[in-house]
Amino acid sequence: MRLSRYFLPTLRETPREAEIVSHRLMLRAGMVRQQSAGIFSWLPLGLRVLNKVNAIVREEQNRAGGVEILMPTIQSADLWRESGRYDAYGREMLRIQDRHERDMLFGPTNEEMVTDIFRSYVRSYKDLPLNLYHIQWKFRDEIRPRFGTMRSREFLMKDAYSFDLDKEGARHAYNRMFAAYLRTFARMGLKSIPMQADTGPIGGDLSHEFIILAETGESEVFCDRNYLDFEVPGEDTDFESREGLQGLFERWTSLYAATSEKHDAAAYAAIPDADKLSARGIEVGHIFYFGTKYSKAMNAAVTGPDGREHEVHMGSYGIGPSRLVAAIIEASHDEAGVIWPDAVAPFQVGLLNLKAGDSATDAACETLYAELSAAGLDTLYDDRDERAGAKFTNADLIGLPWQVIVGPKSLAEGKVELKRRRTGERELLPIGDVLARLST
RNA sequence: CGGGGCGUAGCGCAGCCUGGUAGCGCAUCUGCUUUGGGAGCAGAGGGUCGCAGGUUCGAAUCCUGCCGCCCCGACCA
């Protein structure tokens, strides 16, 4: 993409409303625009990141056996009356009426709807297990939205729902998501730690919040430092192996980790001092087993091998991609701007023509731009008629992992400069070596 | 919902107390000069001062009501 033809409205100054660093940088880097309290437009750069995040989420859901669907944002109140949640949900749910004065709502979540889909089609245990997920906009009319897309009213959520014949099956479904979440966040350059979460009326140990550590995180968390060095399950993870995933689950829950709501001071005190970690964190995922709560209320049952009807055991599994974008920035930035992990960077390479209009730098940049693009590297070519300083500042702000800097001085020796955003390291290399260097 | 704060040009702000024809920086446009870390000079454009009432000869400024946004607390992907 040529920057001169792109839409990247970066700001030199920080809009007043932005308090935390991710919100400030998302506004300054021209990623989002707030349209109303907690409601955002996603501008081109922000949308690219959001799509990268979604792609990783989708790949890992699919790998773990999830099947993607897409349910609507607007739901009928009738479904929610069946489960009893229409009255129970409270004012966080945005209630609306259509022209026929039928009660509708902007979905805050989709348990009812997915259960309705399930019960409409699935009759036999032979069709289980099933895990349906979608990535869709949700609306929760938060009392106080804040922190940009970290806590917005309209937000993107990946929500998956598992259906199993019994609790043992549901536990395996849970473990699949557990492993998938560890992989998902790790691929985004984040170290996530599963922490005990409130299980509500069901009880048991089957609810975890996935927390990433960040100074500006919303929750206070306590855990064993050794989690940071735990090995994340690899691509070769066998999601069919009940024993394997159960072992993984047990390993990743063997040490203490809890948010302040579930904090057990005595258990924490038992951790050796050197391993104690008290920090702030951001919840980026939440997985939950809730048994037959909805299948019972909404009559979602299958015939089992015994010839009898069984209400299915369900779980739900959320990830907030629009929050993750902010969370990634919270975890990865410096004074100059964002530092995108390679996997979610809006472009992999920024190509800086320090003297647009100069025939030598223009020609070199055109060649490099064509080569990089042909090699499948997403490249943002800063071909604007701006001063070098403006281009450097802008490139650092939007945080592309690599900067290829083409200026008249080094070009006279046939060289260009390669800068790694994360470390600030620069190296001069022959222009012909750039592609090979970036392809590794 | 309780407490606090803010709405003046695209962004950041001053002006308000003590009413008198709306200003600064950045950005934008034009020209010249500059050209490796958000350039310099000269010029130009851009504002129903959040909205509605009221007081006054006169309101960005004083009064009343409303709307919007932000921060702190209780709730949440």
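A note on names: the letters A, B, ... follow the listed sequences, proteins ahead of strands, and every chain is numbered from 1.
In this structure, the nucleotide among B/rA74, B/rG36, B/rA77 sitting nearest to the side chain of A/R146 is B/rA74. Closest to the side chain of A/F155, out of B/rG38, B/rA77, B/rG36, is B/rA77. For A/E417, whose side chain is taken as the heavy atoms from C-beta onward, the closest listed nucleotide among B/rG38, B/rA77, B/rG36 is B/rG36. Among B/rU34, B/rG36, B/rC71, the nucleotide with an atom closest to any side-chain atom of A/I405 is B/rG36.
With rounding to whole Å, A/Y89 atom OH is found 11 Å from B/rC75 atom C1'. The distance from atom CG of A/L411 to atom P of B/rU35 is 18 Å, rounded to the nearest whole Å. With rounding to whole Å, A/L354 atom CG is found 18 Å from B/rU34 atom P. What separates CD of A/E413 from P of B/rG36 is a distance of 16 Å, to the nearest Å.
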Only pairs under 3.5 Å count here: list side-chain donor-acceptor contacts from residues 61-73 of chain A, not counting sequence neighbours, and write none if there are none.
residue: A/Q61; atom: OE1; partner: A/K158; partner atom: NZ; Å: 3.2
residue: A/N62; atom: OD1; partner: A/Y133; partner atom: OH; Å: 2.7
residue: A/N62; atom: ND2; partner: A/R58; partner atom: O; Å: 3.4
residue: A/R63; atom: NE; partner: A/E60; partner atom: OE1; Å: 2.9
residue: A/R63; atom: NE; partner: A/E60; partner atom: OE2; Å: 3.4
residue: A/R63; atom: NH2; partner: A/E60; partner atom: OE2; Å: 3.0
residue: A/E68; atom: OE1; partner: A/R58; partner atom: NE; Å: 2.9
residue: A/E68; atom: OE2; partner: A/R58; partner atom: NE; Å: 3.2
residue: A/E68; atom: OE2; partner: A/R58; partner atom: NH2; Å: 3.0

What side-chain donor-acceptor pairs closer than 3.5 Å can you find for residues 142-152 of chain A, not counting sequence neighbours?
residue: A/T149; atom: OG1; partner: A/S322; partner atom: O; Å: 3.0
residue: A/R151; atom: NH2; partner: A/E218; partner atom: OE1; Å: 2.6
residue: A/S152; atom: OG; partner: A/E154; partner atom: O; Å: 2.8

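Among the atoms of the strands shown, none is found under 4.0 Å from any heavy atom of A/T109. A/D358 comes within 4.0 angstrom of no nucleic acid atom, judged by non-hydrogen atoms across all strands.
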Every protein N/O lying under 3.5 Å from an N/O of nucleotides 27-32 of chain B:
residue: B/rA27; atom: OP1; partner: A/R12; partner atom: NH2; Å: 3.4

Protein-nucleic acid N or O pairs under 3.5 Å, nucleotides 9-16 of chain B:
residue: B/rC11; atom: O2; partner: A/E13; partner atom: OE1; Å: 3.3
residue: B/rG12; atom: OP1; partner: A/R16; partner atom: N; Å: 2.8

Give me the distances for all protein-to-nucleotides 1-4 of chain B N/O pairs that come in under 3.5 Å?
none

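A salt bridge does not link A/K262 to A/E209: none of the charged side-chain nitrogens sits closer than 4.0 Å to a carboxylate oxygen.
For A/S162 and A/Y317, the side-chain atoms include at least one donor-acceptor pair closer than 3.5 Å. For the residue pair A/R422 and A/S332, a side-chain donor N or O sits within less than 3.5 Å of a side-chain acceptor on the partner.
The side chain to side chain donor-acceptor pair (under 3.5 Å) analysis of residues 22-31 of chain A, with sequence neighbours excluded, yields the pairs A/S22-A/E330. Each ring pair (Phe, Tyr, Trp, His ring centres under 6.0 Å) pair with one or both residues in residues 57-99 of chain A, not counting sequence neighbours, appears once here: A/W80-A/Y89.
Partner assigned to B/rC69 is B/rG5, using Watson-Crick or G-U wobble distances below 3.5 angstrom.
Residues satisfying the salt bridge (charged side-chain N to carboxylate O under 4.0 Å, His left out) test with A/R119, not counting sequence neighbours, are A/E82, A/D116. By the side-chain contact (heavy atoms from CB on, under 4.5 Å) test, A/P129 is found to be paired with A/D164, A/R176, residues two or more places apart in sequence or in another chain being considered. A/D362 meets the salt bridge (charged side-chain N to carboxylate O under 4.0 Å, His left out) test with no other residue; sequence neighbours excluded. Partners of A/D264 according to the salt bridge (charged side-chain N to carboxylate O under 4.0 Å, His left out) rule, which considers only residues two or more places apart in sequence or in another chain, do not exist here. Scored by the side-chain hydrogen bond (donor to acceptor under 3.5 Å, both in side chains) test, A/R421 finds A/D334 as partners (sequence neighbours excluded).
In this model, the phosphate group of B/rA77 is not approached by any side-chain N or O of A/S322 to a distance below 4.0 Å at OP1 or OP2.
Each of A/A390 and A/H23 was matched to the nucleotide of RNA chain B holding its nearest heavy atom; the match closer to the 5' end belongs to A/A390. Checking A/I319 against A/A336, the closest nucleotide of RNA chain B that is more toward the 5' end is the one next to A/A336.
Taking the P atoms as reference points, B/rU34 lies 15 Å from B/rC41, given to the whole Å. Atom name C1', nucleotides B/rC76 and B/rG50: the rounded distance is 31 Å, in whole Å.
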